[in-house]
Amino acid sequence: MHWDPIAQLAKDNRQGKRKVSDLVWDCLRQIKKADNYHAILETSPTAHEYARELDKIPVKDRKGKLFGVPFIVKDNFLTTNTHTTAGSNILKPFRAPYQATAVERLEAEGAIMVAKSNLDAFAHGSSTENSDFGPTKNPRNLAYVPGGSSGGSAAAIALGQAAFALGTDTGGSIRLPASFSGVVGLKVTYGLVSRYGVIAMASSTDTIGPLTRSVDDAALVLDVMSGQDEHDGTSIPRDGSGYQRLSANLKGKRVAVIKEHFGPGVDPNVANRIKEVVSTMEAAGAIVTEVSIPIDELALAVYYILVPAEVSSNLARYDGIKYGFSAKQAGSLVELYERSRAEGFGDEAKRRIMVGTYVLSSGYYDAYYKKAQAVRTILIEEYQKAFAQADILVGPTAPTLPFKLGARRDPLSMYLTDVLTVAANLVGNPAISVPVGMVDGLPVGMQLSAPQRAERTLLGVARAVEGLVK
Amino acid sequence: MAKVNARDIKHLGQLARIGLAEADIKRMGSELQAILGYVEKLQAVDTTKIKPTNQVTGLTDIWRQDRVWDNPWNREELLKNAPHSEDGFIKVPKVL
C-alpha cells in the first residue's frame with residue numbers, strides 16, 4: 001500500500017479526491033493482513049463511523065491539517081473508544097473515561113485513530129517482548145525484534161498500517177524501535193507534548209512523539225500535538241514558528257560525532273554505516289568534528305536508578321481497588337494489594353518496582369538515588385558544554401543491529417540496548433532516529449540530537465540526512 | 001558491592017506490596033544483584049559539590065486559575081472500571 005506524505009494525504013482528503021472511509025478500510029485490511037507481526041492489540045470500533053461523518057462534510061467546509069488521516073496509538077495512551085491496557089494484564093479490562101490530550105489535538109484536526117498498538121508492558125523494555133499479550137515481530141524479518149517499547153507503533157508504520165503512529169520515549173522507546181524497524185522516530189524536548197492521559201512510567205523523563213515514514217510527516221504531527229496544556233503542569237510552549245517549512249540546508253551546520261557512542265560496545269558494521277552518512281553530510285557542507293562526553297558512559301547507570309525509582313512510585317496506583325485486575329477472595333487489604341500486583345504485573349514491571357523500592361529505601365537513598373541525581377546534573381552540564389561547540393550531535397541510535405526474539409533473556413543485557421539513547425531523556429533534549437539503510441537485511445538508524453527546544457534545527461538537519469541517504 | 005539476599009527481597013516485596021512466591025525470591029535476588037552491581041559504577045564519581053537534579057524544565061509552581069467549572073465527569077462512567085462498587089462508591093476491604 002503506497003502512502004503519500006501526510007500533508008498531501010490531508011490536502012487530497014479535504015479536496016474530496018477520495019473517500020476517507022476507503023482509506024480507513026485500507027488500513028484495517030493492512031492490519032488484518034499483517035496480523036502475524038502482531039503490531040496491533042485492538043482496532044477502533046468507531047473509526048468507520050467517524051470516517052463516514054468526515055465524508056459527509058461538504059468539500060468547501062472541510063478544515064483540519066490532518067483531515068481524514070488515519071493513525072495508530074501506543075496502548076499506553078488513554079482513548080475512550082477502545083481498551084487501554086499498557087500491554088499489561090493488570091489493565092486488561094480497563095476502559096478510559098477520558099482521552100490523552102495528544103489524541104484530542106490530532107482528532108480536532110481531523111485525524112482518525114484506527115488502532116492501539118502493542119508495547120512492552122508499561123513501556124518497560126527495548127524489544128516489545130515484555131508485552132503480556134505476545135511480542136511484535138520486526139517488519140523486515142519475523143525472527144527478529146522490532147525494538148521497544150513502542151515496537152507495535154514502529155512495526156505498524158513500516159507495514160503500512162496507518163499514516164503515522166504515536167509512541168512514548170522514556171529512555172529510547174520511540175527511537176530504538178524506529179531504528180530497528182526502519183522508520184523515523186522523534187523524541188521531543190521534555191514537556192513539548194502534553195503527557196495528560198498517557199500512562200506514566202518515569203515522570204521526569206517520559207515524552208510523547210510520532211513514528212512516521214518521513215521527517216516531514218513527523219514535523220507535521222508534532223506541529224499539531226505540541227504546546228502547552230493546562231492539564232500538564234510540566235508542558236512548555238511550542239516554537240512560535242511552528243514545525244513546518246524547515247530548512248534542510250547543511251552548509252555551515254556544526255555537526256559533532258559523540259566519541260563515546262562509537263566505543264567497543266557498538267557493532268562495527270553499525271558504526272561504519274553511521275560514519276559513511278557523516279561523510280556525506282560533510283560533503284554537503286556540514287562542519288564535522290568529534291566531541292567527547294566522558295560522563296555519557298555513566299548515563300545508563302543513572303537511568304537504571306532514577307527510572308525504576310519513579311516507576312515504583314507511578315505503578316503504586318495499580319492496587320486492585322479503583323480499576324484493573326483485582327485478585328478474587330482476598331482475605332485482607334494487604335492481601336488484595338499483594339495478590340493483585342503479583343498476579344497482574346509481569347516480571348519486568350515487578351523487577352523495576354523492586355529496584356526502585358530498593359534505591360529509595362532508608363539506608364540506600366543517599367548512595368543510590370541522590371547519587372544518581374547528582375550525576376544527572378553533571379550529565380546536563382557536559383551536554384550543555386558539547387552544544388556550545390556544535391548545533392547537532394550524531395551517532396548510532398542502537399549499539400547493535402536488531403536481535404532475534406528471545407536472544408536477550410538476561411534483564412541487564414536488555415538494558416544495554418538503551419546505552420546510546422538514555423542521555424537525551426535524562427537531560428531533556430530532543431533527539432531523532434532516521435533510517436540510514438540496512439546491514440545484513442536489517443535496518444540501521446542514525447541518532448541526531450539537539451539542545452532543548454531546538455526541534456526546528458534538529459528536524460531540518462534530519463530532513464537533510466534523509467535526502468542524502470535516499 | 002551490594003548484596004541482596006532473600007530477606008532483602010522479602011522486605012522489598014512487602015514495601016512494594018507485591019506478593020512473591022519462594023521460587024521468585026531466589027531469581028529476583030540474583031537479578032537485582034546484577035542490576036545493582038551495574039549501577040555501582042556511579043560511586044566512583046565525585047559529587048560532593050554537585051546539586052541533585054530532579055527535573056529538567058526549570059519550571060516551578062505552575063498554577064491554574066482558581067475558577068469554578070462544570071463537572072465533566074459522570075460518576076456511573078467512572079465507576080464502571082471499579083472491581084467492586086456499591087451505592088455509587090468504590091467498595092474496599094476493611095482498612096482498620
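Values below: all heavy atoms of this structure, side chains included; hydrogens, waters and symmetry mates excluded. In what follows, chains carry the letters A, B, and so on, assigned in the order in which the sequence lines appear, proteins first and then strands, with residues in each chain numbered from 1.
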Heavy-atom closest contact ([X] atom, [Y] atom, distance):
X: B/E31; Y: A/R351; result: OE1-NE, 2.8 Å
X: B/Q43; Y: A/A367; result: NE2-O, 2.9 Å
X: B/V39; Y: A/A301; result: CG1-O, 3.5 Å
X: B/P83; Y: A/G324; result: CG-O, 3.8 Å
X: B/P93; Y: A/I321; result: CD-CD1, 4.1 Å

| query | Do A/R341 side-chain atoms and B/A16 backbone N/O form a donor-acceptor pair below 3.5 Å? | reply | yes
In terms of heavy-atom pairs under 4.5 Å with chain B, which of [options] leads?
options: A/L300, A/I236, A/T234; value: A/L300
options: A/Q452, A/R95, A/M354; value: A/M354
options: A/G331, A/S326, A/S204; value: A/S326
options: A/Y98, A/Y364, A/F325; value: A/Y98
options: A/A374, A/A342, A/G191; value: A/A374
options: A/E338, A/E297, A/K350; value: A/E338

Using non-hydrogen atoms only, which part of [X] is less than 4.5 Å away from chain A: side chain, backbone, both, or neither?
X: B/I18; answer: both
X: B/W73; answer: side chain
X: B/L42; answer: both

Between [options], which has the largest tally of heavy atom pairs under 4.5 Å with chain A?
options: B/H11, B/E77, B/K91, B/M28; result: B/M28
options: B/D24, B/V45, B/T57; result: B/V45
options: B/I50, B/L20, B/I9, B/V95; result: B/I50
options: B/R64, B/Q65, B/K51, B/K80; result: B/K51

Is [X] in contact with chain B via its backbone, its side chain, both, or neither, using a 4.5 Å heavy-atom distance?
X: A/L298; value: both
X: A/A372; value: both
X: A/V359; value: side chain
X: A/P411; value: side chain
X: A/S413; value: neither
X: A/Y303; value: neither

Atom pair [atom1] ([X]) and [atom2] ([Y]), whose distance is rounded to the nearest 0.5 Å:
X: B/L78; Y: A/K322; atom1: CG; atom2: NZ; answer: 12.5 Å
X: A/I305; Y: B/I35; atom1: CD1; atom2: CD1; answer: 11.5 Å
X: B/L12; Y: A/S361; atom1: CG; atom2: OG; answer: 6.5 Å
X: A/F94; Y: B/N81; atom1: CZ; atom2: CG; answer: 5.0 Å
X: B/K94; Y: A/S332; atom1: NZ; atom2: OG; answer: 9.5 Å
X: A/Y323; Y: B/L79; atom1: OH; atom2: CG; answer: 13.5 Å

| query | Within a reach of under 6.0 Å around CG of B/N71, are more than 12 heavy atoms found that belong to other residues, nucleotides or ligands? | reply |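 It does: B/N71 CG has more than 12 such atoms within range.
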| Counting heavy atoms not belonging to B/K41, are there more than 12 under 6.0 Å from its NZ? |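 More than 12 within 6.0 Å, yes.
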| field | Audit row: B/V56, A/R376, side-chain contact (heavy atoms from CB on, under 4.5 Å) steps and yes/no | value | CA-CA 10 Å; B/V56 296; A/R376 187 177 185 179; 3.6 Å; yes
Student check: side-chain heavy atoms of [X] and [Y] closer than 4.5 Å:
X: A/D319; Y: B/R17; value: no
X: B/L36; Y: A/Y368; value: yes
X: A/L336; Y: B/V92; value: no

| Chi angles and distances behind the salt bridge (charged side-chain N to carboxylate O under 4.0 Å, His left out) call for A/E230, B/R67 | CA-CA 13 Å; A/E230 67 168 1; B/R67 60 186 168 91; 3.2 Å; yes
| query | Salt-bridged, A/D347 to B/R27, with N to O below 4.0 Å? | reply | yes
| Should B/V4 and A/Y358 be marked as a side-chain contact (heavy atoms from CB on, under 4.5 Å) after you check the CA-CA gap, both sets of side-chain angles, and the distance that decides it? | CA-CA 10 Å; B/V4 185; A/Y358 183 94; 4.3 Å; yes
| task | Please report the C-alpha distance between A/L416 and B/Y38 in whole Å, then the side-chain angles of each, then the deciding distance to 0.1 Å, and finally whether the side-chain contact (heavy atoms from CB on, under 4.5 Å) criterion is met. | result | CA-CA 10 Å; A/L416 289 169; B/Y38 178 81; 4.1 Å; yes
| task | Please lay out, stage by stage, how A/V334 and B/Q14 fare under the test side-chain contact (heavy atoms from CB on, under 4.5 Å). | result | CA-CA 9 Å; A/V334 172; B/Q14 277 164 4; over 6 Å; no
